[in-house]
K.L.:
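Sharing a structure here in structure tokens format.
Since the structure is predicted, the reported quantities are computational estimates derived from the model, not experimental observations. Start at 1 with the first residue, then count along the sequence.
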Amino acid sequence: QVQLVESGGGLVQAGGSLRLSCAASGRMFSMYVMGWFRQAPGKEREFVAAIGWNGANKYYVDSVKGRFTISRANAENTVYLQMNNLKPDDTAVYYCAAGGVGAQRNRYDYDYWGQGTQVTVSS
């Protein structure tokens, strides 16, 4: 069992930056693929980024490439999402998720989810 708690969301102007954190409790954090998803009002939850167990493999949705960076610190049981040059379209609740081997962009491959943190980007 893994418990995930996100933090770092907030209100920022377009062009600004935020860093989201996801703290995990439970065993074997380093064995999980970690992902970030987001859900805007009235829309489906969509994939944003994912990172493999050792940080070597990273995946991004096209709309955030070059602006967002996912990273992890296994010794601290934490995964991060650095978000730069934020746009109003990035406004959503951001969720952290943990999945098994093979998990990447498909949300149904993730077994554990946090409660989410709100990110609002004003124009």
K.L.:
Is it the case that one hydrophobic cluster holds both V61 and W113, taking links as side-chain heavy atoms less than 4.5 Å apart, direct or via other members?
P.N.:
yes
K.L.:
Hydrophobic cluster membership, with links at side-chain heavy-atom distances under 4.5 Å among I/L/V/M/F/W/Y: are M83 and V12 in one?
P.N.:
yes
K.L.:
How about L81 and F68: do any of their side-chain heavy atoms sit closer than 4.5 Å?
P.N.:
yes
K.L.:
To the nearest 0.5 Å, tell me how far K87 NZ sits from S123 OG.
P.N.:
14.0 Å
K.L.:
Does I70 offer a backbone N or O that forms a donor-acceptor pair with the side chain of Y60 under 3.5 Å?
P.N.:
yes
K.L.:
Would you confirm whether T117, through its side chain, and S7, through its main-chain N or O, come within 3.5 Å as a donor-acceptor pair?
P.N.:
no
K.L.:
Tell me the closest heavy-atom pair linking G8 and L18, and the distance in Å.
P.N.:
O-CD2, 3.8 Å
K.L.:
Check this for me, if you would: do K65 and D62 make a salt bridge, where the nitrogen-to-carboxylate-oxygen distance has to be below 4.0 angstrom?
P.N.:
yes
K.L.:
Is it the case that R105 places NZ or CZ above or below the six-membered ring of Y59, under 6.0 angstrom from the centre and within 45 degrees of the axis?
P.N.:
no
K.L.:
Quick one: OG on S63 to CD on E46, what's the gap to the nearest 0.5 Å?
P.N.:
5.5 Å
K.L.:
How many angstroms lie between atom CG of N57 and atom CD of Q104, to the nearest 0.5 angstrom?
P.N.:
8.0 Å
K.L.:
Locate the shortest heavy-atom distance separating F29 from A73; write the atom from each residue and the value.
P.N.:
CE2-O, 4.3 Å
K.L.:
Of all the heavy-atom pairs spanning R67 and D90, show the shortest one and how long it is.
P.N.:
NH1-OD2, 2.8 Å
K.L.:
Please examine the side chains of N54 and R72, heavy atoms only from C-beta on, and report whether any two atoms are closer than 4.5 Å.
P.N.:
no
K.L.:
Tell me the closest heavy-atom pair linking L20 and G9, and the distance in Å.
P.N.:
CD2-N, 3.6 Å
K.L.:
Would you give the length of the straight line joining atom CE of M34 to atom CG of N77, rounded to the nearest 0.5 angstrom?
P.N.:
9.0 Å
K.L.:
Would you give the length of the straight line joining atom CZ of F47 to atom CG of D109, rounded to the nearest 0.5 angstrom?
P.N.:
11.0 Å
K.L.:
Checking one residue: M28. Which other hydrophobic residues are in its cluster under the side-chain 4.5 Å linking rule?
P.N.:
M31
K.L.:
Please report the interatomic distance OH(Y108) to CZ(R45), rounded to the nearest 0.5 Å.
P.N.:
9.5 Å
K.L.:
Closest approach of V33 and G100, non-hydrogen atoms and distance?
P.N.:
CG2-O, 3.6 Å
K.L.:
Under 4.5 Å between any side-chain heavy atoms of Q1 and Y112, yes or no?
P.N.:
yes
K.L.:
Are the side chain of E6 and the backbone of G116 linked by a donor-acceptor contact shorter than 3.5 Å?
P.N.:
yes
K.L.:
Do you know the tightest heavy-atom contact between V79 and C96?
P.N.:
CG1-SG, 3.8 Å
K.L.:
Are the ring centres of F37 and Y110 closer than 6.0 Å?
P.N.:
yes
